[in-house]
Amino acid sequence: MFNTVLFDLDGTLLYMDQEEFLKEYYGMIVNKFIDYPKNCIFEATKAGVKKMINNDGQKTNEDVFWEEFNSLVPITKEIEERFLDLYENDFPKLQKYTEVNPLARSTMDILQAKGYDIAILTNPLFPKVATNQRLAWAGFDAQEFQRVTTFDNSKYAKPNILYYQESLDILGVNPEECIMVGNDVQEDLSIRELGVKTFLVEDNLINKYDLEIVTEYRGQFVDFKKFVEELPERK
């Protein structure tokens with residue numbers, strides 16, 4: 001039986017239309033740097049994100065992002081300060097494009113009361129400040145969890161199984177001790193290659209490549225809560 005629960009965030013614990021959310025997020029970057037020529041900051045940001053998704057593990061996602069960004073647009077103190085302001089003052093406005101999962105907090109409380117270790121394995125393409133904000137929108141504090149993946153503490157990204165292996169190693173757990181809970185068929189179920197069981201949450205199901213769905217458990221989040229209620233207390 002597993003003793004560690006690994007959660008996706010966006011679309012699982014925090015409901016959202018990810019395409020709409022990312023569209024608004026990138027639009028926010030464009031507007032923040034509207035005085036820069038030809039959307040160069042936006043293009044450099046997209047290139048940096050692509051580098052993170054394909055990171056080979058030699059450096060953190062944060063490092064490869066800024067290296068790629070800097071190769072296209074030299075980083076200045078003014079750019080850094082404007083990005084910091086964006087995440088502190090503009091990013092919170094994106095909350096209106098999300099919706100609280102009404103069962104997430106109570107389900108997490110049950111798991112914590114039963115003694116399970118919990119990690120948030122959200123695709124680590126955002127800085128800590130942005131990830132912690134999204135956790136807060138969902139009703140959580142990052143300090144509750146054994147690990148929360150962000151671009152500064154990760155060297156890979158979903159669906160690369162090395163992303164998951166990295167987190168298992170940091171958590172000090174074996175695959176058979178874990179279950180992954182997520183809503184994206186490609187990104188969240190890829191962990192099965194390591195021998196981790198999965199629960200596919202279908203409230204906001206994403207299967208953009210129409211992949212065959214292979215998972216030990218599946219259902220709405222209400223079904224996952226029932227699953228949690230039936231779990232034994234961890235000894």
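For clarity, every value in this text was computed on a predicted model and none was experimentally measured.
You'll find the ring centres of Phe126 and Tyr25 inside the 6.0 Å limit.
Between the side chain of Asp56 and the main chain of Gln58, a donor-acceptor pair closer than 3.5 Å is present. When atom types are taken as modelled, the side chain of Thr149 and the backbone of Thr122 share a donor-acceptor pair closer than 3.5 angstrom. A donor-acceptor pair under 3.5 Å is absent between the side-chain atoms of Thr131 and the main chain of Lys128, judged by distance alone. A donor-acceptor pair under 3.5 Å links the side-chain atoms of Asn55 to the main chain of Lys59, judged by distance alone. Remark: side-chain polar atoms of Lys114 are paired, donor with acceptor, to backbone N or O of Val228 under 3.5 angstrom. At least one donor-acceptor pair under 3.5 Å links the side chain of Asp223 to the backbone N or O of Gln220. Between the side chain of Glu62 and the main chain of Phe151, no donor-acceptor pair closer than 3.5 Å is present. Not a single donor-acceptor pair under 3.5 Å links the side chain of Thr4 to the backbone N or O of Cys178. With hydrogens and angles ignored, the 3.5 Å screen pairs no side-chain donor or acceptor of Asn123 with any backbone N or O of Ala157.
Using the six-membered ring where Trp is involved, Phe2 and Phe227 have ring planes that are parallel, under 30° apart on the 30 and 60° scheme. Between Phe91 and Tyr87, the ring planes lie tilted relative to each other; the angle falls in the 30° to 60° range.
Considering all non-hydrogen atoms of both residues, Arg192 and Thr215 come closest at NE-CA, 3.9 Å. The shortest heavy-atom contact between Val100 and Ala138 is CG1-O, 4.4 Å. The minimum heavy-atom distance between Met28 and Asp90, with the atom names listed, is CE-O, 3.2 Å. Of all non-hydrogen atoms in Lys93 and Asn89, the two that sit nearest each other are CE-O, 3.7 Å. Taking each heavy atom of Ser106 and Lys225 in turn, the nearest pair found is OG-NZ, 2.9 Å.
Salt bridge status for Asp184 with Lys158: absent, with no side-chain N to carboxylate O gap under 4.0 Å. The pair Asp85-Arg82 fails the salt-bridge criterion, with no side-chain N (NZ, NE, NH1 or NH2) lying under 4.0 Å from an Asp/Glu carboxylate O. Taking 4.0 Å as the cut-off between side-chain N and carboxylate O, Arg105 and Glu144 count as a salt-bridged pair.
Note on Met52 and Ile75: same hydrophobic cluster, where clusters join Ile, Leu, Val, Met, Phe, Trp and Tyr whose side-chain heavy atoms are under 4.5 Å apart, directly or indirectly. Cluster annotation: Leu211 and Ile213 are assigned to the same hydrophobic cluster (Ile/Leu/Val/Met/Phe/Trp/Tyr, side-chain heavy-atom contacts under 4.5 Å, transitive). Cluster annotation: Ile206 and Leu200 are assigned to distinct hydrophobic clusters (Ile/Leu/Val/Met/Phe/Trp/Tyr, side-chain heavy-atom contacts under 4.5 Å, transitive).
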Acceptor/donor pairs from residues 41-51 side chains to any protein atom, 3.5 angstrom cut, sequence neighbours excluded:
| from | atom 1 | to | atom 2 | distance (Å) |
| --- | --- | --- | --- | --- |
| Thr45 | OG1 | Ile41 | O | 2.8 |

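The 12-atom threshold is exceeded at CD of Glu78, counting heavy atoms of other residues, nucleotides or ligands nearer than 6.0 Å.
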Verdict with supporting geometry, Glu187 and Asp8, side chain to side chain contact (heavy atoms under 4.5 Å, CB included): CA-CA 9 Å; Glu187 293 190 353; Asp8 172 56; 5.7 Å; no

Given side chain to side chain contact (heavy atoms under 4.5 Å, CB included), test Leu111 with Phe7 step by step and report yes or no. CA-CA 12 Å; Leu111 283 170; Phe7 279 100; 3.7 Å; yes

Step by step, work out the side chain to side chain contact (heavy atoms under 4.5 Å, CB included) result for Val181 and Val201. CA-CA 7 Å; Val181 184; Val201 176; 3.6 Å; yes

Please lay out, stage by stage, how Asn153 and Ile170 fare under the test side chain to side chain contact (heavy atoms under 4.5 Å, CB included). CA-CA 10 Å; Asn153 68 12; Ile170 290 172; over 6 Å; no

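Checking Thr60 against Asp152 by side-chain atom types alone, no donor-acceptor pair falls below 3.5 Å. In summary, the side chains of Ser190 and Tyr163 do not present any donor paired with an acceptor at a separation below 3.5 Å, with no hydrogens or angles considered.
Interatomic distance, CG of Leu194 versus CD1 of Ile161, reported as 5.0 Å (0.5 Å rounding).
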